[in-house]
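In what follows, a single structure is set out as C-alpha cells and then discussed.
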Number of protein chains: 2
Amino acid sequence: MGRGSSVLTRENGPQPADFADVRATNLAVVLRHLRTHAPCSRADIAATTGLNKATVSSLVTDLIDRRLVREVGMTENRIGRPAVMLVLDGSPYAAVGLEINTDYLTAVALDLAGERLLSWRRAFTGTPGQPGQAIASLAALARRTVSKLERERRRVLGLTVAVPGLVDADGIVELAAGLGWQRVDVRKSLLAALGEPGYPLLVENDANLAVLAEQRLGDQSGTGDLVYVTGGASIGAGIISDFRLVRGARGFAGEFGHLPLDPAGPVCGCGRRGCLETYAGLGAVIRRALPDVGIETALSPSEFGPHVDEIQRLAKAGDPQVLEALSETGRHLGHGLAILANLVNPACVALGGYFTALAPWLIPSATEELASRSAAADSGGTRIVASALDSSAAAAGGATRVLDAIDSGSLPTPHR
Amino acid sequence: MGRGSSVLTRENGPQPADFADVRATNLAVVLRHLRTHAPCSRADIAATTGLNKATVSSLVTDLIDRRLVREVGMTENRIGRPAVMLVLDGSPYAAVGLEINTDYLTAVALDLAGERLLSWRRAFTGTPGQPGQAIASLAALARRTVSKLERERRRVLGLTVAVPGLVDADGIVELAAGLGWQRVDVRKSLLAALGEPGYPLLVENDANLAVLAEQRLGDQSGTGDLVYVTGGASIGAGIISDFRLVRGARGFAGEFGHLPLDPAGPVCGCGRRGCLETYAGLGAVIRRALPDVGIETALSPSEFGPHVDEIQRLAKAGDPQVLEALSETGRHLGHGLAILANLVNPACVALGGYFTALAPWLIPSATEELASRSAAADSGGTRIVASALDSSAAAAGGATRVLDAIDSGSLPTPHR
DNA sequence: ATCTTTAGTTGGGACGGTAAACGAACTAAG
DNA sequence: CTTAGTTCGTTTACCGTCCCAACTAAAGAT
C-alpha cells in the first residue's frame with residue numbers, strides 16, 4: 001500500500017535479478033538486522049525478518065566465513081536450548097572517512113559495527129587556488145590513517161572524502177568557495193597520490209555525508225526524511241528523502257547558504273543580497289552577539305571556535321544582548337528552514353556545525369518561525385533539533401557511507 | 001560505482017527477497033522494456049536486458065497469459081528466422097486518473113501501453129467547506145468512467161485522485177486552500193461512495209502526479225531528476241529525485257507557491273508577504289498584463305482561461321506591455337525556481353498549468369534569473385522548459401501512477 | 001527419568017535462471 | 001532444387017537458493 005511494492009524493483013532502467021541478487025539481499029538483511037539488534041540469535045533473526053530458520057543459518061554461516069559476523073557466548077537461565085548469540089565482527093575491517101574544510105582536516109575510522117576506531121583532527125590552512133597542496137596534506141592523512149589500520153591487521157573497506165562544496169557524481173569538485181577551489185578532480189588526484197589503492201574511494205559533499213551520519217549514528221537513526229544543516233562560515237544542507245540521499249542531477253542539491261531571504265538585505269560574499277548566510281552564518285552571529293569583535297576585516301576561520309565558546313558562555317550566563325542575538329539568528333535560520341521544509345517536508349532538521357553548540361538558544365525562535373511559515377499545520381511534522389554529532393560528522397558520514405555499501409549487499413570477498 | 005550496488009536492495013528495514021521477487025522483478029524488466037522499445041522480439045529483449053533467452057521466453061509466456069503482452073506479426077525480408085514481434089496489450093486493462101480542482105473535474109484513462117482511452121473534463125464549482133458535494137461529483141465521474149471502461153470489457157487496474165493541496169500518506173487531504181478543504185478523508189469517502197471497489201484507490205497531490213506524467217508521457221521521459229510546476233491561481237511543485245517522487249515525511253513536500261521572495265512584498269492570501277504566488281500566480285500575471293481587467297475583486301477561477309488566451313494573443317502580436325509583464329513574471333518565477341534548483345538540483349523544470357501557454361515569453365527571463373542565482377555554474381544543469389502536457393497532466397499522472405505499480409512488479413492475476 | 005520448550009541442522013521439494021543444443025523458418029547462392 | 005548460413009525461440013539438463021517439515025540438541029520443569 002505504502003511505498004514500494006516489490007522489494008527488488010527499481011524505477012529506472014532494466015535491471016534483471018537472479019539468485020545471486022536474492023542471496024546478496026538476504027545477506028544484507030541479516031547484516032542490517034544485526035547492526036541494529038545485536039547481539040541476537042539465528043532464531044531471533046528468522047523470527048523478526050521473516051526469513052526461514054534454515055535460510056538464516058545458511059546466511060550466517062556465509063557471513064561468519066567472510067568474518068563479518070562472530071558468535072559470542074550463549075544465553076543462559078532460560079527454558080529450552082540456549083541460543084548462540086551473534087554480533088557484527090568489528091576486528092577485521094575498517095571504513096574510513098576524511099573531511100577537508102577551511103581550517104582543519106579530519107579523519108574518522110569505524111569498524112563494521114560502527115565503533116569508532118580513530119578520530120583525528122589537525123589544523124590546516126590551504127592556499128586558495130592551490131588545491132594541490134591541500135590534496136597532498138589530505139593524502140598524507142589518508143596514508144597515516146590507512147597504515148595505522150593495516151598495522152592493526154584490518155582491511156580497509158573504502159574511503160570517502162567530504163568536501164564543503166559542489167561535488168559531482170564523478171568526484172570532481174565543481175566549486176568550493178571556502179577552499180577557493182574550482183573544477184578540481186579530487187578523486188583522481190587522491191587516487192594517484194595514494195597509488196591507486198584497492199579499496200573504493202569516493203568524494204562527496206560534506207553536508208550529504210553528515211546527514212548520512214546523523215541518520216545512522218545520531219539520534220535520528222531510522223528516520224527516512226531528514227535534513228542536516230552544516231553551520232560554519234558557510235551553510236549547507238544534506239537532504240535524505242525516503243531513506244535516500246537527494247543529490248540532484250549533477251550532485252549539487254542542498255545549496256542552502258545562499259538562499260535569498262530578502263532582496264533588500266546586506267550584500268553577501270557571493271555578490272547577491274540577503275542570502276541566508278549573511279543572516280545566520282557564523283560571521284553574522286558573531287557580529288550580532290559580540291559586536292566588540294572587529295567587523296572591519298573578515299574573520300579567519302580558525303578564530304571561530306573561541307568566539308562560539310564565548311557566545312555560549314555568555315548565553316548560559318543570561319547575557320541579554322547575546323540572547324537576543326541568538327534569538328534573531330534563530331528567526332532567520334527558521335525562515336530559511338521553512339523554505340526547505342515546505343519543499344521537502346522532513347520529519348526532522350538536525351543543526352550541525354556551530355549551530356549545535358548554540359542550539360538551545362536558536363531552536364525556540366527558529367521553531368516558532370518555521371511554524372509561522374509552514375504551509376501545513378504543525379509545521380508539517382518537522383522538528384528542529386541539535387545534531388548529536390560533533391564536528392567530525394562529515395568524516396563519520398564518509399565512513400558510514402562505506403558501511404552502507406556493505407549493508408546494501410556488496411560484501412567483501414570471503415577473506416583470503 | 002555510481003548509485004545503488006545491488007539491484008534488489010532497499011536502504012530501509014529488513015525486506016527479505018525470495019524467488020517470487022526475482023520473478024516479479026524480471027517480469028517488470030520485460031514489461032518496462034516493452035513499454036519503451038515496443039514492438040520488439042524475445043531475442044531483442046534478451047540481448048538488451050541481459051536476461052537469458054530461455055528466461056525471456058518464460059517471462060513472455062507468463063505476460064501473455066496475463067494478457068499484458070500480445071504477439072503481433074513477424075519481421076520479414078531479413079536473413080534468418082523471422083522474429084515474432086511483441087507489444088503491450090492495450091485492450092484488457094485500463095488505469096484511471098481523476099483530478100479535482102477549483103473550477104473543473106478531469107478524468108483520464110490510459111491503457112497498459114499508455115494510450116489515452118478517454119479524457120473528460122467538466123466544469124465544477126465546489127462550495128468551500130462542503131467537501132461532501134465535491135466528493136459526490138467526483139464519485140459520479142469515477143463511476144461513469146469506470147462503467148464506460150467496463151462496457152469495453154476492460155479491467156480497471158487502479159484509480160488515483162489528484163487534489164491541489166496537502167495530501168498525507170493515507171489519502172487524507174490535510175489542507176486544500178483552493179477548495180476550502182481541511183482534514184478531509186477523500187480516500188475513505190470515495191471508497192465508500194464507490195462501494196469499496198476491488199481496484200486500488202489512491203489520493204495524491206496534483207503536482208506530484210503531474211511530475212510523474214511528465215516523466216512518463218512528456219518530453220522528459222527518462223530523466224531521473226525533474227520538477228513540474230503547476231501554474232494556476234496557486235502554484236505547486238512535484239519533485240522527482242533519482243527516479244523517485246519526493247514526498248516528505250507526511251507527503252507535504254513541494255509546497256512552492258508560498259515561497260517567500262520578499263518580506264516587503266505584497267500581502268498574500270495566506271496572510272504573509274511576498275509569496276511567489278503574489279508575483280507569479282495567475283492573478284498577478286493578469287493584473288500585470290491586462291490592467292484593464294478589474295482588480296478590485298478576486299478573479300473567479302473560471303475566468304482565467306479566456307484571460308490567458310488573451311494574454312497569449314497579445315504576446316504573439318508583440319504588445320510591449322504584455323511582453324514586459326510576462327518578462328517580469330518570468331523573472332519572479334526564475335527567482336523561485338532558483339531556490340528550488342539550488343536545493344534539489346533537477347535536470348529540468350517543466351512549467352505546467354497556465355505557464356505552459358505563456359512559456360515562450362516566460363522562459364527567457366526565468367532562465368536568466370535562474371542562472372544568475374544558481375550556486376553552480378551553468379545553473380547546475382537545470383533547464384526550464386514548457387510542459388508537453390495539457391491541463392489533464394495531473395489526471396494523466398494519476399493513471400500513470402497505476403501503471404507504475406504494474407511496471408514495478410505488482411501484476412494483475414492471470415485473468416480468469 | 002521424562003516431558004516441555006526452544007535452537008539450530010538436515011534433507012527433500014519447488015522454483016527460477018543459465019547454458020548449450022536443437023528444431024524452425026527464413027535468405028543467399030550454386 | 002539443393003545446400004549453406006543465419007537468426008529465432010524452445011527444449012533439456014543443471015545449479016543455486018529458499019522453504020518446509022522433520023530431526024537432533026540442550027536446556028529447565030515436573
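Just so it is clear, the model here is predicted, and its values are computed rather than measured. Reminder, nothing fancy here: chain letters follow the sequence lines and each chain counts from 1. All heavy atoms count here, side chains included; hydrogens, waters and symmetry mates do not.
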Quiz item: Side chains of A:T36 and A:R216: donor-acceptor distance under 3.5 Å anywhere?
Solution: no
Quiz item: Roughly, in whole Å, what's the span from CG in B:L86 to C1' in D:dC8?
Solution: 12 Å
Quiz prompt | B:N26 vs C:dG17: side-chain N/O to OP1/OP2 distance below 4.0 Å | solution = yes
Quiz item: How about A:R23 and A:T55: does a side-chain donor come under 3.5 Å of a side-chain acceptor?
Solution: no
Quiz prompt | A:S91 and A:D89 side chains, donor-acceptor separation under 3.5 Å | solution = yes
Quiz item: Where the side chain of B:N52 is defined as all heavy atoms beyond and including C-beta, which of D:dA26, C:dA19, C:dG17 is the nearest nucleotide?
Solution: C:dA19
Exercise. Give the nucleotide from the list C:dG16, C:dG8, D:dC8 with an atom nearest to the side chain of A:S57.
Key: C:dG8
Exercise. Rounded off to whole Å, could you give me the CZ-to-P distance for the A:R23 and D:dC15 pair?
Key: 18 Å
Exercise. Starting from C1' on D:dT12, measure out to NZ on B:K53 and report it in whole angstrom.
Key: 14 Å
Quiz item: Of all the choices, D:dT11, D:dT17, C:dA25, which nucleotide is nearest to the side chain of B:A54 once you look at every atom?
Solution: D:dT11
Exercise. Rounded to the nearest angstrom, tell me the gap between atom CG in B:D44 and atom P in D:dG9.
Key: 8 Å
Quiz prompt | No-H, no-angle donor-acceptor pair, A:R81 side chain to D:dA26 base, under 3.5 Å | solution = no
Exercise. Round to the nearest Å and state the distance from B:L63 atom CG to D:dG9 atom P.
Key: 15 Å
Quiz item: Taking for each residue the nucleotide of DNA chain C bearing the nearest heavy atom, is the 5' side occupied by B:I79 or by A:V84?
Solution: A:V84
Quiz prompt | Whole-Å gap separating P (D:dC19) and CZ (A:F19) | solution = 12 Å
Quiz item: Which nucleotide, C:dA14, C:dT18, D:dA26, lies nearest any side-chain atom of A:D18?
Solution: C:dT18
Exercise. Would you classify B:S41 as touching base, sugar-phosphate or nothing, given that sugar-phosphate means primed atoms plus P, OP1 and OP2, and contacts are heavy atoms under 4.0 Å?
Key: sugar-phosphate
Practice problem: Return the 5'-most residue of the pair A:R78, B:T61 with respect to DNA chain D, ranking by each residue's nearest nucleotide. | Solution: B:T61
Self-check item: Length of the line joining B:D62:CG and C:dC15:C1', which is rounded to integer Å
Solution: 13 Å
Quiz item: What is the distance, rounded to the nearest whole Å, between atom CG of A:D21 and atom P of C:dG16?
Solution: 16 Å
Quiz item: Any Lys/Arg nitrogen of A:R187 or A:D170 sitting under 4.0 Å from an Asp/Glu carboxylate oxygen of the other?
Solution: no
Exercise. May I ask you to test the B:R35-B:L88 pair for a side-chain heavy-atom distance under 4.5 Å?
Key: yes
